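What follows is a set of notes on a single structure, which appears directly below.
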Amino acid sequence: MLRIKLPVVLVGVAVSILWVAPPAQAEEITVTIDNFAFTPQNVTVKPGTKVTWINHDDIPHSIASGTQGLRSRALDTDQSFSFTFTTPGAFKYFCGLHPHMTGSIVVEGTTGSAAPQ
Amino acid sequence: MTTHDDGPSRRKVLECMTWAGTGVLWTVAGGVPASLGIIDEAVAQEAKGFTFLQISDSHMGFDKPANPNAKGTLEEAITRARAIPGKPAFMIHTGDISHLSKASEFDDAEKIISQARLDVHYVPGEHDLIDEDRGKLYMERYGRGTRGFGYYSFDANGVHFIGLVNVVDLKGGGLGYLGPEQLAWMENDLKGRSASQPIVVFAHIPLWTVYPEWGWGTDDGAQALGYLKRFGSVTVLNGHIHQVMQKVEGNVTFHTARSTAFPQPAPGTAPSPGPMKVADDKLRTLLGIADITFKQNEQRLAIVDTTLKP
């Protein structure tokens, strides 16, 4: 019985690691817009990660920031916008229509280096 | 001039009605406490009695469950406007004419609103400046003779009207925003005016802080209101929050109009300020227009909010 159970547990652990720490590699993540809020509001990613925002509200929202290129058109219901973060650093953004909605993407430096990729 | 000392009780009533959200008829004394002694009555009385209308937040193009037929309810609002006794002098529209700044949405608004057969003075809402060219369509249609993204002033029947734009260049974490250029223009616009001239300021987002958690206020609104302190009768008309709210502070009456498209929840009563879905037979009791009257020879201003359905 033990011999059979052990691999199952290991697989379970592996799956949960993937869930808890999604950006183990440069990947893709999604930030949803629901009820006038970005979820997750603050997220840390590896360089090269493509972030996609999708608006689930009945009201248009947009992504605005002081970062070159990190600015979307107005996103109507179910529309999305993607941006690939290549440079380490903290990138704050907000909704261009409802600026009290804020969020941030922190792009990790590669092995302690803060230099752009 | 007799001044009735009805302030506290009136305010209390207004406060209760405001938060219950059930106000249908408002009559507000916009006069000045006599003790201030800054009123030049003779000049103030040059303001002849007249009525103008306010509509707001038509959101042409909105088709979500909270109101799949925003065109239909705007048509009903205009029908209401035409039924108001006495010919109003003109209409103001406090923004969010369109939902997504599409040419077709502005066209629909124009087709319907022109049925009122009144001059309309517009200011933009944040929904009106989100076309590809960020405001080009709005400015082509409504921006003639204005500055920035559409601010301006005009005089009518002795009353000075100022239309402000507080939906441009918004700052992360902030609220509505007027900006230094517009504020400097406003200060200059008011310079040299008699303190007894009634002033009406209109803008999309409330200039007073209604509920910052939902962005319902203007970051530099206090500065604009500072320029108005010396005036005896100031009325501030806004939209954006899709419900009637009123506050009287000194000589300033703040008032927000209903939307003609969909209601929004009272502050803090829902997870977000998004469109509020109500029972079909209730929708028209939460949409409407306002008419504002300056009565001849009285330093009084009356705001009457009319819903599409009693």
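Below, read A as the first sequence line, B as the second, and so on, with proteins coming before strands; counting in each chain starts at 1. Since the structure is predicted, the reported quantities are computational estimates derived from the model, not experimental observations. Worth knowing before you read on, the calculation uses all heavy atoms, side chains too, and leaves out hydrogens, waters and symmetry mates.
- For chain A, the nearby part of Phe62(B) is the side chain; its heavy atoms alone come within less than 4.5 Å.
- At a heavy-atom separation below 4.5 angstrom, chain A is approached by Leu170(B), Lys171(B), Gly172(B), Gly173(B) within residues 162-173 of chain B.
- Residue Gly174(B) comes nearest to Pro99(A) through the heavy atom pair O-CG, 3.4 Å, listed as atom of the first residue, atom of the second, then distance.
- For Arg141(B), the CZ atom counts as densely surrounded, since its 6.0 Å shell holds more than 12 non-hydrogen atoms of other residues, nucleotides or ligands.
- The distance from the NE2 atom of His98(A) to the CD1 atom of Ile205(B) is 8.0 Å, given to the nearest 0.5 Å.
- Here the CG atom belonging to Asp58(A) is positioned 9.0 Å from the OG atom belonging to Ser272(B), to the nearest 0.5 angstrom.
- Counting only heavy atoms from C-beta outward, the side chains of His100(A) and Pro212(B) never approach each other to under 4.5 Å.
- Pro60(A) has its side chain within reach of Leu100(B): a pair of non-hydrogen atoms, C-beta onward, lies under 4.5 Å apart.
- The distance from atom NE2 of His59(B) to atom CD1 of Ile59(A), rounded to the nearest 0.5 Å, is 5.5 Å.
- Among residues 62-75 of chain A, the residues having any heavy atom closer than 4.5 Å to a heavy atom of chain B are, in sequence order, Arg71(A), Ala74(A).
- For Tyr227(B), the ring-ring contact (aromatic ring centres under 6.0 Å, His included) test picks out no residue, with sequence neighbours left out.
- A 6.0 Å sphere centred on CD of Glu213(B) holds more than 12 heavy atoms belonging to other residues, nucleotides or ligands.
- Between chain A and the residues Asp131(B), Leu175(B), Ile130(B), the most heavy-atom pairs under 4.5 angstrom are made by Ile130(B).
- With sequence neighbours left out, Thr256(B) forms a side chain to side chain contact (heavy atoms under 4.5 Å, CB included) with Pro206(B), Trp208(B), Asn238(B), Ile241(B), Met245(B).
- For the atom pair His127(B) NE2 and Leu97(A) CG, the distance stands at 6.0 Å (nearest 0.5 Å).
- Heavy atoms of other residues, nucleotides or ligands lying less than 6.0 angstrom from NZ of Lys92(A) number 12 at most.
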